[in-house]
Peer 1: 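Just passing along the structure, written as structure tokens.
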Amino acid sequence: MPMGVRWFSSVLGTTRVVTVLRDKPVDQTVKVNGWVKGIRRQKERTFLDVDDGSCLTKLQVVLPTEQRPAALAYHSAVSVSGVVHASTHKGQQVELLAHEVQVVGGEMTEEYPFKARQTHPPDYIRRYPHLRARTNAFASMLRVRSQMKMAIQRYFEREGFVNIDTPILTANDCEGAGEVFVAQHSDEKKNDDAAIPRTEGWYFDHPAYLTVSGQLHLEAMANGLSKVYNFSPAFRAENSLSRRHLAEFWMAEAEEAFMEGGVGLEMLIGRVEGLLKVVMAEVVETGREDVEAHWVRSKGTEELVRRTIDQPFTRITYSEALDILNKSSQFSTVVPGDDLGREHELYLTETLGNSAVFVTHWPLKCKPFYMCTSDDDPQMALAVDLLMPDVGEVAGGSLREHRLHSLLARHPSHTLPKDQSDPLAWYLDLRSLGGGVPSGGFGVGVERLLQFLLGISNIKDTVPFPRWVRHCPC
Ligand code: 4AD
Ligand code: MG
């Protein structure tokens with residue numbers, strides 16, 4: 001453990017539950033702060049399960065029943081001082097014999113939504129986003145989420161990528177899907193200050209949005225740093241109540257320069273597969289206790305995840321996907337140029353051995369303006385979507401159109417000669433000024449990857465404060 005951490009702990013004078021359970025400091029006096037997750041009262045002694053969020057396993061605290069504070073209740077916050085003893089109870093090696101238990105943070109009220117010895121379904125727990133960190137399953141998910149974010153960054157660090165903070169406020173709708181949130185000054189009058197003339201009440205001189213993706217900015221940085229990634233929230237004003245869409249979600253995006261053609265697409269696919277396998281394997285290891293707790297609740301997920309880590313992902317083209325879908329009687333005919341819906345995505349993963357499936361070589365029509373077309377077919381994008389069982393699309397990427405003339409033909413505002421007020425003028429500079437090289441990249445939705453890894457059916461249960469259409473309560 002780094003020196004600083006010990007110093008910090010000893011100044012506060014408290015020890016975390018995970019440290020007591022791991023280090024087993026028998027006969028030492030410690031002070032533990034946490035929340036009571038279980039109370040078993042016997043005549044002489046009362047047993048408490050204390051949880052401070054540092055791990056899933058609770059610390060058993062034993063106190064003489066007559067010393068039990070009157071206010072002690074399920075989910076009370078407590079500060080416990082006592083001596084660590086070797087435990088004779090099955091499944092635990094140490095317990096804390098308390099000489100003092102203080103209830104902190106006030107008494108639990110009748111209105112408190114979580115009750116002892118009741119199973120609260122996810123839909124119920126989700127109604128209390130501000131309180132749900134105190135429930136076991138949600139706290140577990142948050143620890144795994146934290147591990148996953150670290151694992152993603154470790155992967156990119158090891159592979160020599162530079163982390164870039166792409167902007168949240170942006171002038172472009174990268175994906176061109178018209179699902180941007182507009183960012184404006186809240187007080188129109190302040191915008192009228194004559195010293196800083198502004199156009200049409202915009203804070204900037206033009207409309208600004210919350211980013212839907214940092215990709216275009218990453219492309220600029222890749223042309224200079226070669227390998228870059230971001231880890232950023234992305235915002236999409238999708239009118240969706242589905243179990244896999246959030247209005248605010250987190251994406252890890254990577255961009256690599258000098259990636260081109262068929263070989264480039266292969267490299268890109270290999271990169272996505274490598275990242276996901278390494279991240280899942282690491283999180284299964286580092287977050288084992290929490291991951292396994294989820295797997296107990298979600299039958300089949302463990303086997304699915306382990307197989308996904310061990311086996312090569314399946315690869316098919318978009319036209320092969322259509323052949324498979326159109327052989328099934330479950331759907332109406334999918335014609336070339338149609339995008340795939342969630343039902344199609346799940347059918348493909350299921351039919352192809354319940355495996356992760358890359359779908360490559362998409363019709364340009366289904367994909368954003370920046371994607372590179374194939375030399376063999378100008379209507380085909382060198383793009384890839386990764387579909388995972390039970391969840392559907394988890395990652396999407398492509399090679400980028402580096403040829404100025406092809407890009408201009410599909411560029412949203414489509415102006416020639418180049419107009420400097422065009423919000424994408426700088427993006428065209430990357431192609432027109434020289435020194436810009438072909439690149440490729442992708443984005444992985446962190447919440448969807450968590451859904452897959454832990455078998456969580458609703459994406460709203462993978463993020464502390466979910467936002468979706470008409471829902472942004474706190
Ligand atoms: O496929 P998408 O839209 O790709 C991009 O944004 C590219 N610019 C990425 C890149 O090439 N740098 O989004 C990437 C991933 C999806 O595969 C999905 O996992 C996730 O982001 N995603 C969402 N997750 C939750 N809620 C939403 N509304 C999402 N939209 C996309
Ligand atoms: Mg996509």
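First listed ligand is number 1; within each ligand, the first listed atom is number 1. FYI, the numbering just counts along the sequence from 1.
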Peer 1: H471 vs W468 aromatic rings, parallel, tilted or perpendicular, using cut-offs 30° and 60°?
Peer 2: parallel

Peer 1: Using a strict cut-off of less than 4.0 Å between a Lys/Arg side-chain nitrogen and an Asp/Glu carboxylate oxygen, indicate whether R403 and E401 qualify as a salt bridge.
Peer 2: yes

Peer 1: Can any side-chain N or O of N163 pair as donor or acceptor with the backbone N or O of N230 at less than 3.5 Å?
Peer 2: no

Peer 1: Check R244 against ligand 1 and report side chain, backbone, both or neither, counting heavy atoms closer than 4.0 Å.
Peer 2: backbone

Peer 1: Examine I459 against ligand 1 and note whether any of their N/O atoms are separated by less than 3.5 Å.
Peer 2: no

Peer 1: Check whether any N or O atom of V444, backbone or side chain, sits under 3.5 Å from an N or O atom of ligand 1, and answer yes or no.
Peer 2: no

Peer 1: Relative to ligand 1, is R400 under 4.0 angstrom through side chain, backbone, both or neither, heavy atoms considered?
Peer 2: side chain

Peer 1: For a 4.5 angstrom cut-off between non-hydrogen side-chain atoms, does V384 reach W362?
Peer 2: no

Peer 1: Is ligand 1 under 4.0 Å from a heavy atom in the side chain of F249, in the backbone, in both, or in neither?
Peer 2: side chain

Peer 1: Please state which protein non-hydrogen atom is closest to atom 4 (O) of ligand 1 and give its distance, to 0.1 Å?
Peer 2: E175 OE1, 3.9 Å

Peer 1: Which part of H245 is near ligand 1, with near meaning a heavy atom under 4.0 Å away: side chain, backbone, both or neither?
Peer 2: both

Peer 1: List the closest protein heavy-atom neighbour of atom 26 (N) of ligand 1: residue, atom name, distance to the nearest 0.1 Å.
Peer 2: L246 N, 3.0 Å

Peer 1: Under 2.8 Å from the Mg ion (ligand 2), is there an N/O/S atom belonging to D385?
Peer 2: no

Peer 1: Under 4.0 Å between a Lys/Arg side-chain N and an Asp/Glu carboxylate O for R158 and E282?
Peer 2: yes

Peer 1: In the protein, what heavy atom is nearest to atom 14 (C) of ligand 1, and what distance, to one decimal place, separates them?
Peer 2: M251 SD, 3.5 Å

Peer 1: Provide the atom name of the closest N, O or S atom of E393 relative to the Mg ion (ligand 2).
Peer 2: OE2

Peer 1: Which residue is it: D52, D51, T57? I am looking for the one with a side chain to side chain donor-acceptor pair (under 3.5 Å) to S54.
Peer 2: D52

Peer 1: Specify side chain, backbone, both or neither for W468, according to which of its non-hydrogen atoms lie closer than 4.0 Å to ligand 1.
Peer 2: neither

Peer 1: Measure the shortest side-chain to side-chain distance between D310 and K277 over non-hydrogen atoms and say whether it is less than 4.5 angstrom.
Peer 2: no

Peer 1: State, with a plain yes or no, whether a side-chain heavy atom of E343 is found less than 4.5 Å away from one of Y347.
Peer 2: no

Peer 1: Using a strict threshold of under 4.0 Å (side-chain N to carboxylate O), is an ion pair present between E255 and K227?
Peer 2: no

Peer 1: Which atoms of ligand 1 are found less than 4.0 Å from any heavy atom of Y370?
Peer 2: 7 (C), 8 (N)

Peer 1: Counting distance only, does the side-chain N/O of R448 pair as donor-acceptor with the main-chain N or O of G392 below 3.5 Å?
Peer 2: no

Peer 1: For E447, state whether at least one heavy atom is located under 4.0 Å from any atom of ligand 1.
Peer 2: no

Peer 1: Looking only at protein heavy atoms, which one is nearest to atom 16 (C) of ligand 1, and how far off is it?
Peer 2: E393 OE2, 3.3 Å

Peer 1: Heavy-atom contacts with G445 under 4.0 Å: which atoms of ligand 1 show up? List them by number with element.
Peer 2: 15 (C), 19 (O), 20 (C), 21 (O)

Peer 1: Distance under 4.0 Å to a non-hydrogen atom of A395: what atoms of ligand 1 satisfy this?
Peer 2: 17 (O)

Peer 1: Do E292 and V284 come within less than 4.5 Å of each other through their side chains, counting heavy atoms only?
Peer 2: no

Peer 1: Which atoms of ligand 1 are found less than 4.0 Å from any heavy atom of G443?
Peer 2: 9 (C), 10 (C), 11 (O), 12 (N), 14 (C), 15 (C)

Peer 1: For atom 18 (C) of ligand 1, which protein heavy atom lies nearest, and how many Å away is it?
Peer 2: R448 NH1, 3.5 Å

Peer 1: Which atoms of ligand 1 sit under 4.0 Å from any heavy atom of G441?
Peer 2: 11 (O)

Peer 1: Nearest to atom 2 (P) of ligand 1 by heavy atom, E238, R236, E253: which?
Peer 2: R236

Peer 1: For Y229 and F156, take the angle between the two ring planes, folded into 0 to 90°, and tell me which bin it lands in: parallel under 30, tilted 30 to 60, perpendicular over 60.
Peer 2: parallel

Peer 1: Among protein heavy atoms, which lies nearest atom 19 (O) of ligand 1, and at what distance?
Peer 2: V394 O, 2.7 Å

Peer 1: Indicate yes or no for a side-chain donor-acceptor contact from Y427 to the backbone of N172 under 3.5 Å, with no hydrogens or angles considered.
Peer 2: no

